[in-house]
Structure formats: C-alpha cells, structure tokens
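Contents: one structure, followed by commentary.
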Amino acid sequence: MAGVSVQAFRRQGRRYGAGLVCSEMVSCAGLSHGNERTLGYLRIGAGERPLAVQIFGSEPGVMAEAARMVEDAGADLVDVNFGCPVRKVTKTGAGATLLEDPERACRIVERVSTAVSVPVTVKMRRGLENGSRAALELGPRLVDAGAASLTLHPRSARQMYTGGADHSLTAELVERVDVPIVASGDITSRARAQAVLASTGAAAVMVGRAAQGNPWAVAEIAGGGAGEPTREEVVAELVLFIRETVAELGEKRATGFLKKFYGWYLGHGRFRRPFKQELVQLGTLEEGGERLFAAAPGARDVLARLQAEGAADDGVLLELPISIYGGG
Ligand SMILES: Cc1cc2nc3c(=O)[nH]c(=O)nc-3n(C[C@H](O)[C@H](O)[C@H](O)COP(=O)(O)O)c2cc1C
C-alpha cells in the first residue's frame, strides 16, 4: 500500500503471520531515471521475506527493465499494478487504465515475465467504471502472457474505496483461470476471510486497511490471534514502528509519514482521543516515544522483548548506491 507498506510495516506483517508481504507501488519511470527516492523502495531487509515488490508504469520495455532491478534487489515476486485508481497514475496510462487497454497490458506482462526468473503476478481492480467486468476478460489473457497469479480487488476505479468489494467477481475469475487467485477487499476478520475463501475458491486473501496500525488483526485472520492487545503491547509496537521508520526514511520524512499511524494504533478504544492529537503536536518523534512510554510504562519491557526476538532485524540484503536517501 502506497504511503503505508514501509519496511517496518512489512516486517511487522510477517511477525504476525502474513505469508507474503508487498511493497508500496514503485514507479518504473522513477527506477529507470535512477531517482534516489524511488531506488530507496528497493531496499529489502532480511525479516520481510517472502516479499513482493510492486511496479507500475505503462511502457512494456521500461517495466521489464524495472522488473530486472526489482529481482536484483532480492524480491521474491514482481507484482504489476493494474489497479491504482489515482488520477496522477491513471492519466499516464498506468494502473487501472490498463484494464481497458488489454493489448498493452498483455505486452507488459509478457515483457516483464520474460525479463525475470522470479514469478510475476498482477493486481487488478474489476475495471474503470462501476459494473465493469474488464478484469474477468483480461485475467485469462494475462495468464497466457505469463502471470503466475492474479489478485483481484473487485471494486471499480471510479468507486475508489466506497461501497463494498463484490467477491462474486473473484469467484468468476477463479473459474476462468488455473493459477492461484488472491482475494483483496474488505477482509477484516478471520470469519470474513473464511467466508470469502469458501465462496470464491480463492487460494489466499490479501489484507490491506485492516492491518494499518493493527497487526493483531493480521494475527487473528491468520489464525494465531491472542485477542485484543494490551496498552503495553500497542505502545511497544508503535514505538518500534516509529524507530524503524525513522531508520528507513530519516526523521524529517518519517515525521509526516507517521502522523496517520497514531490514530490507527491508538484508536479502537485503546487510548483516549486527545492523546493522539497530543502526540502529533509534539516537537520530535523522540518526545513522542517518551510520552507513549509514560502512558504505558510496562511497554519498555515488551519492546525489549520484541527486540530480543529480533523484531527490529533490518539487515539489508543488497545495499544500493543511494547517497542521500533517508534525508528527505
Ligand atoms: C492507503 C492505500 C494505499 C494503497 N496502495 C496500493 C498500492 O500501492 N498497490 C495496490 O495494488 N493496491 C493498493 N491499495 C489497495 C489495497 O491493496 C487493497 O486492494 C484495497 O485497499 C482493498 O483491500 P482492503 O479492504 O483490505 O483495504 C492501497 C490501498 C490503500 C487504502
């Protein structure tokens, strides 16, 4: 998830039972131009594998070149984005636009899957407009072009995140292809995951928003949940997340990036509402950490335990030639 799936998020997902985690979407044009921030998305740590790195773009050759860079960086899968509904992306002919440009979409998957030896997968929405069935027409062609698996988020691009994900389309897609289908959309609990798996025949579910600030939901969905976390556990995970994100993005970028996470962690009735506001307004992330520990002193011990278990393992498999990444 763009703006969410940093390394700390992916490692946390793995610790709480996710079988596979995915990067933010990475611009092929950015990789091709050697943009430093974009190259930073290819940093892969030891604790986050198996990892899919998702790329977006519209030029088959540039996508193939980007896929090679992703493979070289150590990704276990290259995922291709045919689902992003954001105008900035669709107006360039990338993301969900490709659902309505099947020839180009197939050429992209063909070139990308020929370029790398790791599996190539595709993430789709149902189509651009409400009621569209474009993904069902396109899916089998993408498999013929080399896609090893397809993920469907059955909302239209126009819908953005409104309404519900119509998983009857996921069931139809499962019938049309013989590769594993992953169901994405509104998976918020184990009961919901089981219902979607049973009604669609999908091979797996993908968890998006439910995992934001809530790895305990991932554990519950994966079947290893121990119920609602204590305040100490919440604070320990949030402080760890802050520290790891600062290490990855640098203090300045991390400060803006982290703002949305306070509400996600501290909500769910776990902490009183003004506490989040207070944290966002503090001068430094270090002060935020201190304020969090003051609210749940036992969290220091929980954090020490997490660190002893290697939660913060940030060993980089491939150090890219990035000079200022992390500064801003
Ligand atoms: C903040 C945000 C960023 C997202 N970024 C991406 C992305 O980069 N690539 C992608 O394929 N899907 C992206 N998605 C879509 C999710 O992967 C998922 O398909 C969608 O949110 C529905 O699943 P959910 O109900 O579990 O959140 C994003 C969703 C959100 C909310």
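Basis for what follows: all heavy atoms, side chains included, without hydrogens, waters or symmetry-related copies. Atoms within each ligand, like the ligands themselves, are counted from 1 in listed order.
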Requested in this report: Check each of Glu48, Glu244, Glu248 against Arg10 using the salt bridge (Lys or Arg N to Asp or Glu O under 4.0 Å) test, and report the only one that passes.
Outcome: Glu48
**Report entry** Validation row: Gln159, His153 side chains within 4.5 angstrom (heavy atoms)
**Finding:** no
Query raised in the report: In chain order, what residues pass the salt bridge (Lys or Arg N to Asp or Glu O under 4.0 Å) check against Glu129, with sequence neighbours excluded?
Result: Arg158
Query raised in the report: Using a heavy-atom cut-off of under 4.0 Å, does the side chain or the backbone of Met1 touch ligand 1, or both, or neither?
Result: both
Requested in this report: List for me each residue that meets side-chain hydrogen bond (donor to acceptor under 3.5 Å, both in side chains) alongside Arg141, sequence neighbours excluded, and say none if there are none.
Outcome: Glu103
**Report entry** Test applied, side-chain hydrogen bond (donor to acceptor under 3.5 Å, both in side chains); reference residue, Ser156; option that passes from Thr162, Asn130, Asp166
**Finding:** Asn130
Requested in this report: Classify the ring geometry between Phe241 and Tyr265 as parallel (under 30°), tilted (30 to 60°) or perpendicular (over 60°).
Outcome: tilted
Query raised in the report: Can you find a non-hydrogen atom of Ala210 under 4.0 Å from ligand 1?
Result: no
Query raised in the report: Under a heavy-atom criterion of less than 4.0 Å, does Phe56 contact ligand 1?
Result: no
Report task. For ligand 1, note which part of Arg209 has a heavy atom under 4.0 Å away: side chain, backbone, both or neither. Result -> both
Query - Closest protein heavy atom (residue, atom, distance) for atom 22 (C) of ligand 1 - result: His153 NE2, 3.4 Å
Query raised in the report: N/O of Glu24 under 3.5 Å from N/O of ligand 1, yes or no?
Result: no
Query raised in the report: Closest non-hydrogen protein atom to atom 18 (C) of ligand 1, residue and atom name please, with distance?
Result: Ser184 OG, 3.3 Å
Requested in this report: With heavy atoms of Met25 as the reference, note each atom of ligand 1 found under 4.0 Å away.
Outcome: 8 (O)
Query raised in the report: With a cut-off of 4.0 Å, which atoms of ligand 1 are near a heavy atom of Asp186?
Result: 24 (P), 25 (O), 26 (O)
Report task. For ligand 1, note which part of Asn81 has a heavy atom under 4.0 Å away: side chain, backbone, both or neither. Result -> side chain
Query raised in the report: Aromatic rings Phe261 and Trp264: how do their planes relate, parallel, tilted or perpendicular, breaks at 30° and 60°?
Result: perpendicular
Query - Shortest heavy-atom approach to atom 16 (C) of ligand 1 - which of Met206, Arg192, Lys123, Met124 - result: Lys123
